[in-house]
J.: 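The structure's right below; bear with me while I get my questions together.
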Amino acid sequence: MSATYAETYAASSRDPERFWLDAAATLAWDKAPTHAIDGSRAPLYAWYPDGMLNVSFNALDRHVLAGNGEATALVYDSAVLGIQRRFSYSELLEQVATFAGVLRSQGVGQGDRVLIYLPMIPQAHIAMLACARIGAVHSVVFGGFAPKELAARIDDATPKAIVTATGGIEPTRRIEYLPAIAEAMEQSAHHVPTVIVAHRDGFAHQLSEYAGGNTAWHDWEELAAAAQAVGPVPVASTHPLYILYTSGTTGAPKGVVRDSGGYAVAMDWSMRNIYGVGPGDTMLTASDVGWVVGHSYIVYGPLIAGATTVLYEGKPVGTPDAGSFWRLIDDHKVDVLFTAPTALRAIRKADPDAALLADHNIESLKALFVAGERLDPDTYQWACGKLGVPVLDNWWQTETGWPIAANPMGLELLERKAGSPTVPVPGYQVEILDSFGEALPVGVEGNIVINLPLPPGTLGTLWGNDQRFIDTYLRAFPGYYTTGDSGYLDADGYLFVMGRTDDVINVSGHRLSTGAMEQVLGAHPAVAECAVIGVADELKGQRPSGYVVLKSGADIGEEQLGAELVAMVRHDIGPVADFREVRIVDALPKTRSGKILRKTMRQIADGKAYAVPSTIEDPSVIDALIPLLRPAT
Ligand code: COA
Ligand code: AMP
């Protein structure tokens, strides 16, 4: 009989070294590790310090060599183009090995960074795995980010090449990528020598427009036709596999660094024990390869597990309707669907009775997993009622790379409680602390922290900046990793995650920084100061809302200023910021030391009980703001 959750969790806590060495044994290593945890640089930890492997070998070659080359690795389903395409493990391996040769031909080697800016097309998988094959470090940037955000990532990661496409397709418009790449390269101080472009029909801008500068722009297919296939290069387990930028409290994005060996183990372990997916199973993760959920469960997890992954280019609603997910489950016999609660809310809004389910057979579906934001009990009940399968919330972050709390279906399906992502995953020792670092009793909300070391697969540091890593995550509570989320544990050990303790917001499952938006607003000539807060939103979870104080003498109305600021945020951060609301106010509430009381503003806007700190400079400012923050009261 296989071990229960309780037994597995206890084993991981009792002897983590043994537990994670055993977990590593199912992978193919060029040099098997003899140790799991390396604490010699604590509080910075590394995993499998003497192990060597190649992640693309584990995701592809290993399955082909085991005789499963004909199994389907990847199904590309584009609702926006109306096409489907299957790749067997052998085919995908061939394409990855060839593109690894393309990267080599452009001088990309082990340790070099490659920035990937691609829509949801198979080239995303191919480019990521090709980097892994030669030990290059990829950094995928979500297509909804603007050139300025791309430029910031180019300057931080200093890539040797950019891999992109002529464009992405949104339901209402085509997004031209080439001008965005060119603009980003103009804005960045770092010079990128090579851009490799996958051609897609129907885009206005062509490669020839960019010829002649000091960057070489190449067509993907032309380079591939001349390239030699490349074998997997063994790298140290600690070698970075990728950098994934995420939003923090300040405007500057943080480059989360993922190692190779620890991550491969975490993917393998989580696919089996959390998602219950293995060879012969099909997983549809309806997210984007630009987010951590996409990295882990569209690309690496399912392929390392030898399963089939569905790459969906489309939306949950509008491509063409709210039955898209049901159609995908039916067409591809999906066993496990993974998406964000906001997608379920969008489907529910468009089709409250899920009438479109009647058009499809979803019998293959065994479970629906959701993550990215809190699964509100209402949406949870709706999904359970309509789908008739377990609906399983899991809580994690870009930083951790895989779930911190989940219902580990692969081990044992635990009782569900609405509003809770269930229990800490083996490897994560979760505690709730007050602001002084004292443990809080059951049921009391506080800072969710994780005892160090974090398990394999989690971030080892921030790119090029150990000190920022320590300052951001390890300093507030020595000995612990600070998640930035607040919540509580109940008497049964179930975790309830209630929201962020910092200025990070979550809009439609997209993690954004209000600090970055404030930076943009503050650059407008009429704005003296501003605050952006995340206000609760029925559909999107949260929406950013801006409050601005004008410079004296500024002569501009709210409507015009609003339009200008919305355009500025869209230009500087991107459409993904979804910034649409601006109010002009006489003053912002502040403490006597000048700190804007954003939390109080947010509590008022959300209709929650709010506390005004005794250090407030002028209490009348809050009174004046209440009708604006909460217009209905
Ligand atoms: N490239 C360019 N623009 C993009 C984009 C992309 N890849 N993705 C979104 N955008 C744009 C949208 O077109 C929209 O632009 P608009 O202001 O001109 O209308 C804007 O960004 C806001 O997009 P969004 O709020 O995401 O709305 P949407 O209608 O495109 O999609 C959802 C709604 C629910 C489908 C989408 O938000 C979603 O899938 N969220 C889940 C995110 C996720 O997977 N998170 C990871 C955890 S699972
Ligand atoms: P990201 O790094 O984009 O994955 O965002 C991580 C943040 O999203 C977390 O710190 C949480 O605030 C929030 N989040 C993700 N998943 C959940 C969940 N299942 N429940 C509650 N919040 C979540």
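Indexing begins at 1, ligand by ligand and atom by atom, following the structure's order.
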J.: Looking at atom 9 (C) of ligand 2, what's its closest protein heavy atom, distance included?
T.: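 That would be D485 OD2, 3.2 Å.
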J.: Suppose I only count heavy atoms of R511 and a 4.0 Å limit; which atoms of ligand 2 are within that range?
T.: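 Checking each atom against R511, I get 1 (P), 2 (O), 3 (O), 5 (O), 6 (C).
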J.: Any nitrogen or oxygen of R173, side chain or backbone, less than 3.5 Å from one on ligand 1?
T.: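 N/O-N/O distance under 3.5 Å: yes.
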J.: Do F338 and Y275 pass the ring pair (Phe, Tyr, Trp, His ring centres under 6.0 Å) test, and can you show the C-alpha distance, the side-chain angles, and the key distance before you say yes or no?
T.: CA-CA 9 Å; F338 187 168; Y275 301 102; 5.6 Å; yes
J.: Would you please determine whether A346 falls within less than 4.0 Å of ligand 1 on a heavy-atom basis?
T.: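 Flag not set, A346 not near ligand 1.
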J.: Just wondering, are more than 12 heavy atoms of other shown residues or ligands nearer than 6.0 Å to NZ in K417?
T.: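 Yes - once you tally the heavy atoms of other residues, nucleotides and ligands closer than 6.0 Å, there are more than 12.
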J.: Should K540 be counted as touching ligand 1, given the test is an N or O pair under 3.5 Å?
T.: no
J.: What protein heavy atom sits nearest atom 6 (C) of ligand 2, and how far off is it?
T.: W396 O, 3.5 Å
J.: Is any heavy atom of the protein nearer than 4.0 Å to atom 33 (C) of ligand 1?
T.: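 Answer no: nothing from the protein, no heavy atom, is under 4.0 Å.
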J.: Suppose we measure from atom 18 (C) of ligand 2 to each protein heavy atom; which comes out shortest, and what is that distance?
T.: E373 O, 3.2 Å
J.: When only distance counts, is N394 in polar contact with ligand 2, meaning an N/O pair under 3.5 Å?
T.: yes
J.: If the contact criterion is a heavy-atom separation under 4.0 Å, does A371 count as touching ligand 1?
T.: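 Per 4.0 Å heavy-atom rule, A371 contacts ligand 1.
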J.: Starting at CH2 of W326, measure out to CG of L356 and round the result to the nearest 0.5 Å.
T.: 9.5 Å
J.: Are R345 and ligand 1 in contact, using a heavy-atom cut-off of under 4.0 Å?
T.: no
J.: How does P171 reach ligand 1, if at all, at less than 4.0 Å between non-hydrogen atoms: by side chain, backbone, both, or neither?
T.: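 Looking at P171 and ligand 1, no heavy atom falls under 4.0 Å.
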J.: Say whether M120 and ligand 1 are in contact under the criterion: heavy-atom distance to a ligand atom below 4.0 Å.
T.: no
J.: Just to confirm my output: which protein heavy-atom neighbour is closest to atom 1 (P) of ligand 2, and how far is it?
T.: T398 OG1, 3.5 Å
J.: Relative to the heavy atoms of N506, which atoms of ligand 2 are at a distance of less than 4.0 Å?
T.: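 Matching atoms, with element in brackets: 8 (O), 13 (C).
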J.: P316 versus ligand 1: do any nitrogen or oxygen atoms come within less than 3.5 Å of each other?
T.: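 By distance alone, the answer is no.
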J.: V293 and side chain to side chain contact (heavy atoms under 4.5 Å, CB included): which partner among T339, T398, T285?
T.: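 One option only clears the test, and that one is T285.
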J.: Would you mind listing which atoms of ligand 2 come within a distance below 4.0 Å of any non-hydrogen atom of D393?
T.: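 By the 4.0 Å cutoff, the relevant atoms are 18 (C), 19 (N).
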J.: Under 3.5 Å between any N/O of R570 and any N/O of ligand 1: does that happen in this structure?
T.: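 Looking only at distances, the answer is yes, because the N/O contact criterion of under 3.5 Å is met.
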J.: For atom 17 (O) of ligand 1, is some protein heavy-atom partner under 4.0 Å away?
T.: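 Protein heavy atom within 4.0 Å of atom 17 (O) of ligand 1: present.
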J.: May I ask you to check if R416 and Y380 form a cation-pi contact, with NZ or CZ under 6.0 angstrom from the six-membered ring centre and within 45° of the axis?
T.: no
J.: Run the contact test for F338 against ligand 1 with a 4.0 Å cut-off on heavy atoms, strictly below, and give the result.
T.: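 No; F338 lies far enough from ligand 1 that no heavy-atom distance drops under 4.0 Å.
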J.: Would one find an N or O of G372, backbone or side chain, under 3.5 Å from an N or O of ligand 2?
T.: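 G372 vs ligand 2: N/O contact under 3.5 Å present.
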J.: If the contact criterion is a heavy-atom separation under 4.0 Å, does R543 count as touching ligand 1?
T.: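 In this structure, R543 fails to qualify as a contact of ligand 1 - no heavy atom is under 4.0 Å.
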J.: Is W291 close to ligand 1, meaning an N/O of one under 3.5 Å from an N/O of the other?
T.: no
J.: So, is T483 polar-close to ligand 2, with some N/O to N/O distance under 3.5 Å?
T.: no
J.: Does any N or O of ligand 1 fall below 3.5 Å from an N or O anywhere on T342, backbone included?
T.: no
